[in-house]
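Remarks on the structure that follows.
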There are 2 protein chains.
Amino acid sequence: MHIWHPTRDQISLANVLAVLGDPTRLAIVAYLARNDGNALACGTFNPLGSKTKISYHLAKMREAGITHTEVSGTNRLITLRRDDLEARFPGLLDSILAAAGDLPPLDAGTSPAEDTAIEG
Amino acid sequence: MHIWHPTRDQISLANVLAVLGDPTRLAIVAYLARNDGNALACGTFNPLGSKTKISYHLAKMREAGITHTEVSGTNRLITLRRDDLEARFPGLLDSILAAAGDLPPLDAGTSPAEDTAIEG
DNA sequence: TCCTTAGTTCAAAATTACTTGAACTTTTGA
DNA sequence: TCAAAAGTTCAAGTAATTTTGAACTAAGGA
C-alpha cells in the first residue's frame, strides 16, 4: 500500500500556507503537534467533522507535504512532517504552532494523548 | 479618508495564512519586505497583473491585517504591518519572508501573467 | 463465513475565490 | 476648466474549494 507523498523539495510555500489557512486543517495540525511523536488515526479527528470531510482535509495536507500517512491495517496513521518542513521553511511550522496554541482543544473532556494515540 | 483596518487583535492566524497562500499576494508581501521602510504605491505591483486585480489582492491583504494602506493624493501607499504581525504571531512573518526570499524579483524579465514563476 | 470497523472514492451541490472590463471618484497638473 | 493619473467599485463570468451522502475496499474479529 503505497500512498503518494511529495518529496521535500516538492513542498511549496504558497501551498503550505494555503492548506494551513483553513480552520479545520489548522486544528488538525495543532492537535498533531500536541501529540508529537505519536501517530494518530484519522478517527482521532472525528470531532472536527464527518469521516468524508476529514478524509478530504487529510489528503490535502498529505499532498501539500505537511503530514505523512502510513497504512496500518484498517487505520491510516498520520504524523507531522516536522523535519521536512523545518528543512524547507525554517521556523515556519514552529511559529504557526505557537500562534495556533491558543486554539480550542479538539475534544474538550478527554485528555489529548491517552485514548487515541498509537504509540510508535 | 479613513480606510478600515483590523485592529491588532482582530488579525486571525488562519486568515493571514490563507491570504498569503496565494502566489500574487506572496509576491507582493515579499516585495514589500525587500523595500522595508518604504511605502509603495499600488502601481509598483503592475507587473503582477491588471490594476483591478492588484486592487483586489491589496484589499484582501489590508483586510487581513497584513498591510497598511494610507491615502496620499491619488496614490495609496502600502506598508507591511510588521510590528503588529510580530506581536500577534512572533516569528511568523520572518519565516515566511525567509522562505519566500528566493522568489524572482518583480521586474526581472517575467511577463505579468506568469504566476507560475512564483513558488516557494 | 459474516459482520463490523476504518477509511476512501465518486458525483453532485453549495460555497467561495479569482479575474475581467466598464464605469466611477479623487486628485493633480496644464 | 479640462484632461490625465491612480485606484476603486460593480457586475458578470470562470474556476476552485468545500461539504454531503451513497457506494465502495480492505482488514479484523466472532
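All values below were derived from every heavy atom in this structure, side-chain atoms included, with hydrogens, water molecules and symmetry-related copies excluded. Computed from a prediction, not measured in an experiment: that's the story for all the values here.
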Next item on the list: State, with a plain yes or no, whether a side-chain heavy atom of A/D94 is found less than 4.5 Å away from one of A/E86.
Entry: yes
Residue pairs meeting ring pair (Phe, Tyr, Trp, His ring centres under 6.0 Å), one or both in residues 4-29 of chain B, sequence neighbours left out, come to B/H5-B/H68
May I ask you to decide if B/G91's main-chain N or O and B/S95's side chain share a donor-acceptor pair within less than 3.5 Å? yes
Those residues at least two apart in sequence (or on a different chain) that pass side chain to side chain contact (heavy atoms under 4.5 Å, CB included) with B/T52 are B/S50
Letter by letter from the 5' end, nucleotides 12-18 of chain C scores (B base, S sugar-phosphate only, - none; protein heavy atoms under 4.0 Å) -----SB
Please enumerate all protein N or O atoms sitting under 3.5 Å from an N or O of nucleotides 28-30 of chain D, with distances to 0.1 Å.
none

Taken in chain and number order and not counting sequence neighbours, the residues that satisfy side chain to side chain donor-acceptor pair (under 3.5 Å) with B/D83 are none
By side chain to side chain donor-acceptor pair (under 3.5 Å), A/H57 pairs with (sequence neighbours left out) A/R25
The side chain to side chain contact (heavy atoms under 4.5 Å, CB included) partners of B/L32 (sequence neighbours excluded) come to B/I28, B/L40, B/F45, B/T67, B/I78, B/L80
Taken in chain and number order and not counting sequence neighbours, the residues that satisfy side chain to side chain donor-acceptor pair (under 3.5 Å) with A/E70 are none
Separation of C/dG7 atom P from A/R62 atom CZ, nearest Å, is 14 Å
Applying salt bridge (Lys or Arg N to Asp or Glu O under 4.0 Å) to A/D84 and not counting sequence neighbours gives A/R8, A/R81
Here the distance between atom C1' of C/dG7 and atom CG of A/L40, to the nearest Å, is 15 Å
Here the distance between atom P of C/dG7 and atom CE of A/M61, to the nearest Å, is 15 Å
- Side-chain N or O of B/N75 closer than 4.0 Å to phosphate OP1/OP2 of C/dT27: no
Students should find that the end-to-end axis angle of the helix from C/dT1-D/dA30 to C/dA30-D/dT1, with five pairs defining each axis and rounding to 10 degrees, is 10°
| Can a side chain N or O of B/T52 be found less than 4.0 Å away from OP1 or OP2 on C/dG21? | no
Taken to the nearest whole Å, CD1/A/I28 to P/C/dG7 is 12 Å
Worksheet item: So what does A/A59 touch, heavy atoms closer than 4.0 Å: a base, only the sugar-phosphate, or nothing?
Response: nothing
A/E63 atom CD is separated from D/dT17 atom C1', nearest whole Å, by 13 Å
Hits for side chain to side chain contact (heavy atoms under 4.5 Å, CB included) against B/A39, two or more places apart or cross-chain, chain-then-number order -> B/L77, B/T79
B/H2 atom NE2 is separated from C/dT26 atom P, nearest whole Å, by 13 Å
By side chain to side chain donor-acceptor pair (under 3.5 Å), B/S72 pairs with (sequence neighbours left out) none
From CD of A/E70 across to C1' of D/dA27 the rounded distance in Å is 16 Å
note: B/K51, atom NZ; D/dT8, atom P; distance rounded to Å ~ 9 Å
